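Data block below; observations after.
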Number of protein chains: 2
Amino acid sequence: MTKKPGDRIARQLDQAAEACAAKGGRLTDIRRSVLALIIGSGGPVGAYALLDQLKAERANAAPVTVYRALDFLMENGLIHKIERLNAFVACTESGDHEHHEHSVQFLICRKCGTVAEMEDHGIAAAVSKAAGRTGFRPDHATVEVEGTCGSCTSAA
Amino acid sequence: MTKKPGDRIARQLDQAAEACAAKGGRLTDIRRSVLALIIGSGGPVGAYALLDQLKAERANAAPVTVYRALDFLMENGLIHKIERLNAFVACTESGDHEHHEHSVQFLICRKCGTVAEMEDHGIAAAVSKAAGRTGFRPDHATVEVEGTCGSCTSAA
DNA sequence: CGCCCCGATGATATGATATAACCCGGGTTA
DNA sequence: TAACCCGGGTTATATCATATCATCGGGGCG
């Protein structure tokens, strides 16, 4: 094995820090820890699950500690909130974390619990078009699809 | 005035009771009350707001009382949950509450707070297609669009 | 230097949303 | 009758999220 998983995460964190800095934000220790926990979890994580883990590093961490970090990470496009789950996932759109952020969709597998991120222009266009027909001016669309992922379907 | 608003709601409730019965369910007093409150509110309502109102009729109502009723009403397609708001709205698709229920979308106005229900086949098709490309088998799609409704745009 | 501002964090409290666990009574049915 | 399910009561707790005020440290500036 040439790379340990920690290396991959460390690289992602460094990239994230750069991206924040470029926007005038700072990926502080707390924020970095929370992001690392989310990336490391490999799936959707609740705020209090993060809090429990964070307490291993920072005994004094409180809910608000986590939520402040989550807010920052969301504002910077590093994580997404999955509304159906009240949970958070790492953003998998590598690199440019700014110009899309509006036409993102999620595929939630009911079997294995994984959440895949997708960016499909066709969906975004269909939403825009349908909303526009009623005179509605869309700002942001939450699209979360539940079902069975390819792996689980094959395994079945 | 030939019809009071209460009449319209009463008719909707009776229709709902029939629809439930046809599926082997029972629209009990509690469930009927909760549905009436949601319809009467004319917009998204939180579970605890419903609880407060329900307590006027049933002093012993507890959170779980409301949530059980909400679960039943959702299973029977009489209401929808708006994930972004953690709130519930009455289903406006009159009549046949069964064969769609999968391709429904919501338009949430940030100005006036109204939620409009939409059934757009184009969106459903785009979601299906995009998900299918990754081998994902969709079950249900949550589509909630936030923005400004036609009325609020005109008024601006 | 001394001062001020501001962003990040600490500390505490509270509000809001949702489910778990257990029991009980009434109706159906084997 | 016994076994069972469904609807509901009761209590407790888990989870999600925000409000408020205090503190601390760095950077700009007189």
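Below, all heavy atoms of this structure are taken into account, side chains as well, without hydrogens, waters or symmetry copies. Everything quoted here is computed from the prediction, not taken from an experiment. A, B, ... follow the sequence lines: proteins, then strands. Residue 1 opens every chain.
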Please confirm whether the backbone N or O of [Y] pairs with a side-chain atom of [X], one donor and one acceptor, at under 3.5 Å?
{"X": "B:Arg31", "Y": "B:Arg26", "result": "yes"}
{"X": "B:Thr65", "Y": "B:Ala62", "result": "yes"}
{"X": "B:Glu117", "Y": "B:Val115", "result": "no"}
{"X": "A:Glu83", "Y": "A:Lys81", "result": "no"}

#### Entry: Enclosure of B:Asp29 CG (heavy-atom neighbours >12, cutoff 6.0 Å)
no
### Message
Would you say CZ of B:Arg32 has more than 12 non-hydrogen atoms from neighbouring residues, nucleotides or ligands within 6.0 angstrom?
### Response
yes
### Query
Hey, are A:Arg84 and A:Glu144 close enough for a salt bridge, meaning a charged N less than 4.0 Å from a carboxylate O?
no
### Message
Taking B:Arg133 first and then A:Asp120, would you say they form a salt bridge - that is, a charged N and a carboxylate O separated by under 4.0 Å?
### Response
yes
### Gap separating the SG atom of A:Cys91 from the CD1 atom of A:Ile38, nearest 0.5 angstrom
11.5 Å
Rounded to the Å, how far apart are [X] [atom1] and [N] [atom2]?
{"X": "A:Phe88", "N": "D:dT15", "atom1": "CZ", "atom2": "P", "answer": "15 Å"}
{"X": "A:Tyr48", "N": "D:dT18", "atom1": "OH", "atom2": "P", "answer": "10 Å"}
{"X": "B:Leu51", "N": "D:dT11", "atom1": "CG", "atom2": "C1'", "answer": "15 Å"}
{"X": "B:Lys81", "N": "D:dC16", "atom1": "NZ", "atom2": "P", "answer": "12 Å"}

### Query
Just the endpoints, please: which first and last nucleotides of DNA chain C, 5' to 3', lie under 4.0 Å from a heavy atom of chain A?
C:dA8 to C:dT12
### Message
Test of understanding: clusters of I, L, V, M, F, W, Y form through side-chain heavy atoms closer than 4.5 Å, transitively. Do B:Leu85 and B:Leu107 belong to the same one?
### Response
no
### Message
Are A:Phe88 and A:His80 an aromatic pair, judged by ring center distance below 6.0 Å?
### Response
no
#### Entry: Of B:Gly24 and A:Ala49, the one whose closest DNA chain D nucleotide lies more 5'
B:Gly24
### Task
Please list residues of residues 27-44 of chain A whose heavy atoms come under 4.0 Å from any atom in DNA chain C, ordered by number; otherwise none.
A:Thr28, A:Ile30, A:Arg31
### Message
Expected output is a numbered-order residue list: members of residues 62-71 of chain A with a heavy atom under 4.0 Å from any atom of DNA chain D. What is it?
### Response
A:Val64, A:Tyr67
